[in-house]
Amino acid sequence: MKVATARAIASALNTAADRAEKNGDADISALIELRALADEARAELDAAIKAAEGQAAAGQ
Amino acid sequence: MKTKYLMGALVALCLGVLAGCVSAPPAPPAKPAAVELASAARVDRAIVAATLAKVGTCEVDVAASYTAVVMNYQRATNALVRGQITVDIAKRVRDLTDTARADLDAACPDASAKLKPERLAAAQATLQTASQLLEKKP
């Protein structure tokens with residue numbers, strides 16, 4: 001495993017632990033984390049679609 | 001592309017470790033400790049994700065497909081920003097991935113639920129269709 005990968009995973013663990021702590025959970029839930037990631041990724045795709053549509057409209 | 005392969009390898013590695021645990025489990029402790037993790041971190045544009053859902057729950061059955069949901073959204077975003085796919089294709093990938101996600105949520109609403117295999121299969125088929133759209137770059 002590359003050092004950068006290990007650091008990225010460690011960072012992700014911290015993020016997941018922070019989220020669980022904030023929610024008052026003793027355990028990290030894989031499903032909750034995956035759903036949060038999916039929400040974030042979908043929002044980014046929506047933003048990219050809107051930006052692309054805006055560019056297309058401006059070019060017409 | 002390297003990111004995709006890294007992601008796949010990492011998930012495969014995690015699942016491989018989990019599979020190893022399933023095939024040769026250690027002596028069960030009196031009170032098993034929860035071992036669950038799913039998260040991701042970003043380094044520049046590279047994305048690394050790992051999943052270590054609790055073995056013996058439906059979480060572990062849907063974890064790989066749920067990771068594919070996240071990757072589909074991210075791949076579509078990257079491809080659209082780079083001009084490799086059209087807005088229409090990006091929207092189709094998004095809508096198909098939304099459908100797959102709904103099936104995954106129904107397949108495993110929470111870790112204590114029993115897996116609904118037919119919903120997982122439906123999600124995987126839809127994810128495959130969405131992935132095929134992403135492969136059709138001009």
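Note on naming: letters A, B, ... go to the chains in the order of the sequence lines (proteins, then strands), and numbering restarts at 1 for each one.
- Of the atoms belonging to B/V62, it is side-chain heavy atoms, and not backbone ones, that fall under 4.5 Å from chain A.
- The closest side-chain heavy-atom distance from A/L34 to B/V69 is not below 4.5 Å.
- A pairwise comparison of heavy atoms in B/V81 and A/A48 identifies CG2-CB, 4.3 Å as the closest pair.
- Here the CD-CG distance, from A/E44 to B/N78, works out to 8.5 Å after rounding to the nearest 0.5 Å.
- The parts of A/D39 that come within reach of chain B are both its backbone and its side chain, each placing non-hydrogen atoms under 4.5 angstrom from that chain.
- Rounding to the nearest 0.5 Å gives a distance of 12.5 Å between CZ of A/R42 and CG of B/N72.
- Taking A/E53 as the reference, A/I49, B/V87, B/K91 meet the side-chain contact (heavy atoms from CB on, under 4.5 Å) condition, with sequence neighbours excluded.
- For B/C58, no part lies under 4.5 angstrom from a heavy atom of chain A.
- No continuous path of ILVMFWY side-chain contacts below 4.5 Å connects A/L37 to A/I32, so the two sit in separate hydrophobic clusters.
- With sequence neighbours excluded, the residues forming a side-chain contact (heavy atoms from CB on, under 4.5 Å) with A/N23 are A/R19, A/D25, listed by chain and number.
- Sorted by first and then second residue, the disulfide (SG to SG under 2.5 Å) pairs involving residues 13-60 of chain A (not counting sequence neighbours) form an empty list.
- Both B/I89 and B/L80 are members of a single hydrophobic cluster when ILVMFWY side chains are connected at heavy-atom separations under 4.5 Å.
- Annotation: side chain of A/R35 is in contact with side chain of B/Y66 (closest heavy-atom distance under 4.5 Å).
- Chain A is approached within less than 4.5 Å, heavy atom to heavy atom, by B/R94, B/D98, B/R101, B/D105 from residues 94-105 of chain B, ordered by number.
- Remark: B/R119 CZ is packed, more than 12 non-hydrogen atoms of other residues, nucleotides or ligands lying under 6.0 Å away.
- Across all their heavy atoms, A/A41 and B/V70 have their closest contact at CB-O, 4.0 Å.
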